[in-house]
Amino acid sequence: METEAAAARQAKESLELAFQMSQILDTGLDRHTLSLLMALCDRGANPEALAALVRELSSAAPPTAAAAAPTPVSNGAAAPAPATASLSPSGLRRP
């Protein structure tokens, strides 16, 4: 029980340190998102691929005011799927 408490405290301190660094670097990531990214890295996700994905999603995200505006309907043709970076360490997608 004591080791679990120490591990939880260490995880919280690590997240807080990473969040402070994130704020200094002005990444725009909140604690929750940063926590998810750290958990994915702990489970073996490729950090460079995650960084590329976050950059891509951040640049593709609409501005806050535009997010509330309705999206116009197209002619029904499906848009091509965006290319995404692999999240596994080997560079291959996991099933």
If you measure from [atom1] on [X] to [atom2] on [Y], what distance do you get to the nearest 0.5 Å?
| X | Y | atom1 | atom2 | value |
| --- | --- | --- | --- | --- |
| Arg31 | Gln23 | CZ | CD | 7.5 Å |
| Asp42 | Met38 | CG | CE | 6.5 Å |
| Thr33 | Leu57 | OG1 | CG | 10.5 Å |
| Leu34 | Gln20 | CG | CD | 11.0 Å |
| Phe19 | Leu29 | CZ | CG | 9.0 Å |
| Leu37 | Leu53 | CG | CG | 8.5 Å |

- Message: Given 3.5 Å as the limit, does a donor-acceptor pair link the side chain of Ser22 with the main chain of Ala18, or not?
- Response: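 Checking the backbone N and O of Ala18 against the side chain of Ser22, no donor-acceptor pair under 3.5 Å is found.
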- Item | salt bridge (charged side-chain N to carboxylate O under 4.0 Å, His left out) partners of Arg55, counting only residues at least two apart |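 With neighbours one apart ignored, the set is empty.
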- Heavy-atom pair with the smallest gap, counting every atom of Ala45 and Leu50: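 Scanning both residues, the minimum pair turns out to be CB-CD1, 3.9 Å.
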- Message: Let's go through Leu17 and Met21 carefully: what are the C-alpha distance in whole Å and the side-chain angles of both, what is the deciding distance for side-chain contact (heavy atoms from CB on, under 4.5 Å) to 0.1 Å, and is it a yes or a no?
- Response: CA-CA 6 Å; Leu17 178 60; Met21 291 170 53; 4.3 Å; yes
